[in-house]
2 protein chains.
Amino acid sequence: MERYPAAAARRPARSARAADAAPRNDGTQTIQRAVNVLRVIASRGHAGLRLAEIARHARLERPTVHRILKCLCAEGVAAQDPATRHYRLGHLAFELGLAAAPQFSLRELCAPTLSRLAERIGDTVFLTVRSGYDTVCIDRREGSFPIKALLLDVGTRRPLGVGAGGLALLMPLADAAVEEVARANATRLKAYAGLTVPRLVAMVKRSKSMRYALNDLPVTAGATSIALPIRTRFGDPFAAISVGAIESRMTPARRTELVEWLRAEVEALERLLAEKATL
Amino acid sequence: MERYPAAAARRPARSARAADAAPRNDGTQTIQRAVNVLRVIASRGHAGLRLAEIARHARLERPTVHRILKCLCAEGVAAQDPATRHYRLGHLAFELGLAAAPQFSLRELCAPTLSRLAERIGDTVFLTVRSGYDTVCIDRREGSFPIKALLLDVGTRRPLGVGAGGLALLMPLADAAVEEVARANATRLKAYAGLTVPRLVAMVKRSKSMRYALNDLPVTAGATSIALPIRTRFGDPFAAISVGAIESRMTPARRTELVEWLRAEVEALERLLAEKATL
DNA sequence: GATTTTATTCCAGCATATGGAACGCTATCC
DNA sequence: GGATAGCGTTCCATATGCTGGAATAAAATC
C-alpha cells in the first residue's frame, strides 16, 4: 500500500560530517516520523492497520513505530482496537480537526455547489483537495440514482494522481511537475490497479487534451469518474470536483453533458473565490 | 548541569497519565511536547497565538517550541499567519480530523436532539465532550432569539470544569475526583473570571444539589448557561448538552423549564446509546 | 502443534533534541 | 526619538532521549 517518499531514508552511513548530502540536523526527526505515521494511519481510514504494516509504509523499524504509537495512543491522537490490534486515529485527531475547521472554509463554500450538482446529476459528487503529494476527499454528496458509486469516503487520503480528482489536480501543471509528483508517488501507485508512473503521465496527458479528467482504471470495478480542477486566480489548482458513477452512466455523450455542468459550477466557484481573496 | 531534571520538574501535569515524579524514559518526550503544543494552539481556536505565549502555556523554552513549531508547520499540522506571526492549526490537522470523524459519531447521533432543543428553546445549544482534563465543544445549534449567546465555537478546548458543560461533566463524579481535576487545571482556571479551585468545587457542589449545572460566572458578561451531563450505561459522564442565553432569559423559573426539556432529551439519548452499545 | 509472522520489551550507544547565550527586530513608553 | 522591554530566530556544546538490533512473548497460519 502506501509508502511515503517523505520518510527520510535510513540514517546515512556517516562518512563525512560536513560535506555530503544534508545531514538533517534540525532536531525534529521524531516529530516528522510521528506525523508520517499519522498520515499512514489516516490513509487507511476507518479500517485501520497493524503495527507491522505501518512500519513498512512509513519505512521505519518496528520498535520505533511501536514506541511512537504508544505515545500517540496515550495522548489520544491515535487509538488501538484491542480486538484486532489495528491502529486508527483517536479522539484528539477529531477534536483538533474541529478546531482547525473554521480556517478551511472551502467545504462550506462548495456545499451548495455539491448539492446542486448531485441533485442535477443523480450520481455521487466529490470535493477533493491537494495536500502535499496526497489528495484528501473533504466532502461528498450522493445523488438520487439507486446504484451509488461511493468511491471514496470523506477524509480518505490517496496519492496525488489517483482517481479523477487526483488527475484533475495534475492537469493544469507543467509536464515536469507532473513527472515529479508521479515519481514521488511511484511505489504507492501500484496499489491502485497496478498504476505506474508512465501510465499516470499518459492519463494526465489524455485528460489535458480532453480538458477534463477521466479515470477509467478498474480501481473500483465497474465505476468510472470524471473531474475538473478548481484553481486560484493565479491558476494554481488546489481542489477538484468529481463525479463517480457506474460505467453505463458514463458514456462519452453523457460525460460531455456532465463536464458542461461541472465547468459552469467551477467557474462560478472560481469567481467567488477570486472576490473573497481580493483584499 | 541539571538541565533536564529542571525541565522535568516544570513539565505540566499530563492528562490521563500517572503522577509525574517518575524519570520518564520511554523515549517519547518530543512527541508529547509536540502534541501538547498542538493542544495549546487548539485552545485558542481561530485567533491563534504567538510563539512566546505557546512557550509559556506549554511550559517549554522558546527555542524548543520554535523548533517544534517549525517542524509542525513544515508538515502542515500547524500554520503561521505571516502578518501577525500567530500560529494556528494547519490543513493537515483538518484533514486528519476528517479521517477520524467516522469513528466519533456522537455528533451525528446528537444532531437531531440539538436541533429540536434549539428550536424549542430559541437560545443557543451546545454539545461538549470530555477530553482528558479538557472539554471540547463538538457541535452547536443557534435558536431563533435575536440576541445569541455564542459562548463558544465548535472545536474550542477549555479546562474541564469551566462553563456549564464542564460543570455538568464533573457533577456525577465523586468529590475526590472533582478535586483532582480542579487541581490539575488550577493555573488555567484563572483565565476564566479568576476562577479558583475551591470556587470551582463549590460550583460543582451547588450543581449537584440542584441536579443541573449552572454557570453564572461573568466569563462572558451578561450571559448565563445551564447544562446536563450525558452518561454511559455505566454512569460515566462523557458529554454534556448546554444552553446559553442572556441573563434575563435565564430566570430560575425558566431554568426549571429548560432543565425539564433537557432532561427528557438526555434520557432519550442515553437509552439510544445503551441500545447501540449492547452487543 | 509446528512454523511463521507479529507485538513487545530491553538496553548499549550515539545521534539527536535540548536550552542557554547571543543578536537583531518590533513594539511601547516617556 | 531614544531608551527599554519583549519577542523571534539562529547557533552550538552538551548529555539526554531516541534509536534499532537482539531477544522474548504472543498470535496467526499452516
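Keep in mind that this is a model prediction, so the values were computed, not measured. In the text below, chain A, chain B and the rest are named by the order of the sequence lines, each starting its count at 1.
- Side-chain N/O atoms of B:Gln29 include none lying less than 4.0 angstrom from OP1 or OP2 on D:dT16.
- One interatomic measurement links the two molecules: CZ of B:Arg33 to P of C:dA17, which rounds to 12 Å at whole-angstrom precision.
- Listed candidates were C:dT8, D:dT19, C:dT18. Nearest to the side chain of B:Thr64 is C:dT18.
- Taking the six-membered ring where the residue is Trp, A:Phe94 and B:Phe104 present parallel rings, their angle staying beneath 30° rather than reaching 60°.
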Could you go step by step and tell me if B:Val181 and B:Arg130 meet the side-chain contact (heavy atoms from CB on, under 4.5 Å) rule?
CA-CA 12 Å; B:Val181 172; B:Arg130 176 170 178 172; 4.2 Å; yes
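- For the pair B:Leu69 CG and D:dT10 P, the computed distance is 13 Å after rounding to whole Å.
- Nearest nucleotide to the B:Pro63 side chain, out of C:dG20, D:dG20, C:dT6: C:dG20.
- Between B:Asp26 atom CG and D:dT19 atom P there is a gap of 12 Å when expressed in whole angstrom units.
- With the nearest nucleotide of DNA chain D identified for both B:Arg56 and B:Arg67, B:Arg56 has the one nearer the 5' end.
- Salt bridge annotation for A:Arg67-B:Asp26: absent, with no cationic side-chain nitrogen under 4.0 angstrom from a carboxylate oxygen.
- Using a 4.5 Å heavy-atom threshold, the side chains of A:Glu53 and A:Val40 count as separate.
- Atom CG of B:Asp81 and atom C1' of D:dG8 are 15 Å apart (whole Å).
- B:Ile41 CD1 to B:Gln80 CD: the interatomic distance, rounded to the nearest 0.5 Å, is 10.0 Å.
- Under 3.5 Å, the side chains of A:Arg39 and A:Asn36 contain a donor-acceptor pair of N or O atoms.
- Between B:His66 and D:dG8 there is no side-chain N or O to OP1 or OP2 distance below 4.0 Å.
- Taking atom CD of residue B:Glu61 and atom P of nucleotide D:dT14, one finds them 19 Å apart after rounding to whole Å.
- Counting only heavy atoms from C-beta outward, the side chains of A:Glu95 and A:Leu92 approach each other to under 4.5 Å.
- Rounded to whole Å, the distance from CG on B:Leu60 to P on D:dG17 is 13 Å.
- Each of A:Ile31 and A:Arg62 has a nearest nucleotide on DNA chain C; the 5'-most of these lies closest to A:Arg62.
- Residues B:Ile68 and A:Leu51 each lie close to DNA chain C; by heavy-atom proximity, the contact nearer the 5' end of the strand is made by A:Leu51.
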Tabulate protein N/O versus nucleotide N/O from nucleotides 25-30 of chain D, keeping only pairs under 3.5 Å, one per line.
none

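- Regarding contacts with the backbone of D:dT9, every side-chain N or O of B:Lys70 stays at 4.0 angstrom or more from both OP1 and OP2.
- The shortest distance between the side-chain N/O atoms of A:Thr30 and the OP1/OP2 oxygens of D:dG17 is not below 4.0 Å.
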